[in-house]
Amino acid sequence: MASAKAMGQVEQDHFVLKSGHTMPAVGLGTWRAGSDTAHSVQTAITEAGYRHVDTAAQYGIEKDVGQGLKAAMEAGINRKYLFVTSKLWCTNLVPERVPPTLKNTLKDLQLDYLDLYLIHWPFRLKDGAHMPPEAGEVLEFDMEGVWREMENLVKDGLVKNIGVCNYTVTKLNRLMQSANIPPAMEMHPGWKNDKIFEACKKLGIHVTAYSPLGSSEKNLAHDPVVEKIANKLNKSPGQVLIKWAIQRGTSVIPKSSKDERIKENIQVFGWEIPEEDFKALCSIKDDKRVLTGEELFVNKTHGPYKSASELWDHDN
Ligand SMILES: NC(=O)C1=CN([C@@H]2O[C@H](COP(=O)(O)OP(=O)(O)OC[C@H]3O[C@@H](n4cnc5c(N)ncnc54)[C@H](OP(=O)(O)O)[C@@H]3O)[C@@H](O)[C@H]2O)C=CC1
Ligand SMILES: O=C[C@H](O)[C@@H](O)[C@@H](O)[C@H](O)C(=O)O
């Protein structure tokens with residue numbers, strides 16, 4: 001009998017979700033992963049030991065992610081050791097669209113279930129809307145109706161866990177009236193989201209930190225505080241940022257299209273960031289990542305906003 005490690009398990013932290021399922025601490029992000037996506041997914045799993053992959057229908061690469069997953073499983077990695085997340089895009093935040101949209105995602109990913117399915121942003125958009133949307137492209141969002149359909153996906157065995165991204169405390173409290181949820185939330189030293197993080201901790205909700213390196217627009221790996229701590233610990237700045245997220249109690253989904261970075265980014269176990277350095281990272285100035293530039297972001301009920309992140313903040 002091959003060892004657990006040989007059969008696909010790797011030594012890394014796991015977080016326990018409210019459902020009792022476990023989520024590997026580090027996942028491979030795939031937003032803007034481009035033409036290398038299938039290779040990156042396969043390499044991450046078969047050569048670097050990743051068992052968690054984060055993607056979304058809106059990234060336009062679920063078929064590529066599916067090819068990478070298929071190749072990894074053909075190489076002997078058992079599906080039960082993989083944790084795959086995808087997301088329901090804003091144009092499909094309509095109850096009757098949830099089942100067919102998820103089925104399309106499963107077809108493109110070549111999977112018969114997802115480990116986690118997330119509402120990508122808490123606002124519904126017209127078909128073909130821009131991001132950030134223009135005036136009149138934001139529609140009413142039947143949050144409870146969509147959530148009921150998401151819960152039916154769990155009952156039908158198509159999804160093991162459901163959650164939300166980019167929710168504010170106000171929206172989270174509204175949704176908590178009718179469900180238990182594990183949200184993914186932007187979390188990096190450059191935008192710590194302390195308010196929503198504390199709210200999730202109180203509610204026992206697991207948080208996944210996305211854009212842990214500050215995303216490509218504001219890559220924190222070059223921040224002087226991060227670089228100083230990395231030099232002191234003899235680790236890369238990327239590893240320090242990823243470790244910070246894990247030590248804070250979140251899972252984390254760094255993206256890279258470079259094999260050596262994919263391998264580097266999961267080498268974050270077996271060491272700790274000392275408390276004084278952890279605190280120094282927590283003190284890095286919050287500087288929100290503005291989504292797709294400062295175009296006017298108009299929401300017909302509250303707008304205008306300068307960006308999606310400002311709408312996100314509106315009713316925090
Ligand atoms: N739920 C949501 O709304 C959101 C979810 N996400 C998810 O989170 C994932 C990660 O966030 P993302 O915004 O992609 O950005 P990250 O914070 O993961 O940063 C990715 C950028 O950092 C570079 N990079 C990767 N590794 C290193 C390293 N070790 N040192 C220095 N630079 C590095 C990458 O370049 P290169 O590729 O050249 O290595 C890329 O430019 C996404 O891919 C997506 O899956 C992201 C945003 C929103
Ligand atoms: O998941 C990543 C992000 O949420 C991304 O999907 C949105 O931010 C949108 O595509 C955008 O470009 O602003």
Side-chain angles (χ1 to χ4, degrees), residues 26-37 39-41 43-44 48 50 52-62 64-65 83-91 116-123 125 129-133 137 163-167 182-191 193 196 207-223 226-227 230 235-245 250-268 288-295 297 305-312:
V26 178
L28 178 74
T30 61
W31 181 29
R32 303 180 289 197
S35 56
D36 296 330
T37 301
H39 167 80
S40 295
V41 169
T43 301
Y50 287 70
H52 172 182
V53 175
D54 180 273
T55 193
Q58 192 256 348
Y59 300 168
I61 51 162
E62 285 182 316
D64 306 89
V65 172
F83 190 101
V84 181
T85 299
S86 195
K87 308 180 190 87
L88 176 66
W89 186 242
C90 307
T91 51
L116 177 60
Y117 198 42
L118 300 166
I119 290 176
H120 204 148
W121 284 89
F123 43 80
L125 297 180
H130 304 77
M131 188 67 185
E137 291 186 325
V164 297
C165 310
N166 305 299
Y167 261 52
M185 187 57 61
E186 170 137 52
M187 196 85 64
H188 53 75
W191 188 6
N193 286 319
I196 189 83
V207 176
T208 294
Y210 73 60
S211 299
L213 302 161
S215 205
S216 50
E217 288 83 359
K218 188 177 172 4
N219 193 318
L220 284 159
H222 310 300
D223 180 281
V226 177
E227 287 185 330
K235 299 294 176 187
S236 76
Q239 288 172 328
V240 167
L241 288 162
I242 293 161
K243 186 67 180 183
W244 173 83
T250 66
S251 43
V252 60
I253 44 179
K255 173 265 179 186
S256 178
S257 301
K258 295 183 172 69
D259 289 1
E260 66 280 6
R261 279 179 168 174
I262 288 173
K263 293 171 185 171
E264 170 192 313
N265 289 347
I266 197 169
Q267 299 305 318
V268 291
K288 290 175 186 163
R289 173 174 71 84
V290 174
L291 302 169
T292 56
E294 284 289 345
E295 297 91 343
F297 180 83
Y305 293 92
K306 289 196 180 64
S307 67
S309 57
E310 188 185 334
L311 169 65
W312 179 87

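Nothing fancy with the numbering, it's 1 onward along the sequence. All ligand and atom numbering here is 1-based and tracks the order in the structure. In this text, all values refer to a predicted model and were calculated from it rather than measured experimentally.
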Numbered in order shown, the ligand 1 atoms found under 4.0 Å of a heavy atom of Trp31 are 13 (O), 42 (C), 43 (O), 44 (C), 45 (O), 46 (C), 47 (C)

Would you say Tyr167 and Trp121 make side-chain contact, with heavy atoms under 4.5 Å? no

Could you walk me through whether Arg32 and Ser215 pass the side chain to side chain donor-acceptor pair (under 3.5 Å) check? CA-CA 10 Å; Arg32 303 180 289 197; Ser215 205; 2.9 Å; yes

Pair Arg261, Ser40: side-chain N/O donor-acceptor within cut-off below 3.5 Å: no

Test item: Thr85 and Val53 side chains (from C-beta on) under 4.5 Å apart, heavy atoms: no

Under 3.5 Å, is there a donor-acceptor pair between the Thr208 and Ser251 side chains? yes

Would you please say whether a donor-acceptor pair under 3.5 Å links the side chains of His39 and Asp259? yes

Ala221 heavy atoms within 4.0 Å reach ligand 1 at atoms 31 (C)

Hey, does His222 have a side-chain heavy atom less than 4.5 Å from the side chain of Glu227? yes

Contact atoms of ligand 1, heavy-atom distance to Thr30 under 4.0 Å: 43 (O), 45 (O)

Based purely on interatomic distance, does Trp121 place a nitrogen or oxygen under 3.5 Å from a nitrogen or oxygen of ligand 2? yes

Examine the side chains of Ser236 and Glu264 and answer whether a donor and an acceptor come within less than 3.5 Å of each other. yes

Heavy-atom contacts with Asp54 under 4.0 Å: which atoms of ligand 1 show up? List them by number with element. 7 (C), 44 (C), 45 (O)

Answer yes or no: does an N/O atom from Tyr59 fall short of 3.5 Å to an N/O atom of ligand 2? yes

For ligand 1, note which part of Ser215 has a heavy atom under 4.0 Å away: side chain, backbone, both or neither. both

Polar contact flag for Cys165 and ligand 1 (N/O pairs, less than 3.5 Å): no

Would you mind finding which of Asp36, Asn219, Ile253 brings a heavy atom closest to atom 23 (C) of ligand 1? Asn219

Under 3.5 Å between some N or O of ligand 1 and some N or O of Lys255? yes

Quick one about Tyr210 and Asn166 (side-chain donor to acceptor, distance below 3.5 Å, no hydrogens or angles considered), yes or no? yes

Glu264 contact mode with ligand 1 (heavy-atom cut-off under 4.0 Å): side chain

Atoms of ligand 2, numbered as shown, that sit under 4.0 Å from any heavy atom of His120: 1 (O), 2 (C), 3 (C), 4 (O), 6 (O)

For ligand 1, which atoms have a heavy atom of Lys87 less than 4.0 angstrom away? 1 (N)

Only heavy atoms of Gly214, strictly under 4.0 Å: list the atoms of ligand 1 that pass. 17 (O)

Thr55, portion touching ligand 1 at heavy-atom distance under 4.0 Å: neither

Judging by distance only, is a nitrogen or oxygen of Gln58 under 3.5 angstrom from one on ligand 2? yes

Going by heavy atoms in the side chains, are Lys263 and Thr43 under 4.5 Å from each other? yes

Where ligand 1 meets Ser216 - atom numbers and elements under 4.0 angstrom, heavy-atom basis: 41 (O)

Only heavy atoms of Pro254, strictly under 4.0 Å: list the atoms of ligand 1 that pass. 18 (O)

Should Ser236 be listed as contacting ligand 1, given a heavy-atom distance under 4.0 Å as the test? no

Could you tell me whether Lys258 and Asp36 make a salt bridge, using a distance below 4.0 angstrom between a side-chain N and a carboxylate O? no

Taking only non-hydrogen atoms of Lys87, do any sit less than 4.0 angstrom from ligand 2? no

Side chain, backbone, both or neither: the part of Asn166 lying under 4.0 Å from ligand 1 by heavy atom: side chain

Could you check whether Lys218 and Ser216, counting side-chain N and O atoms only, form a donor-acceptor pair closer than 3.5 Å? no

Any side-chain heavy atom of Ile262 within less than 4.5 Å of one from Ser256? yes

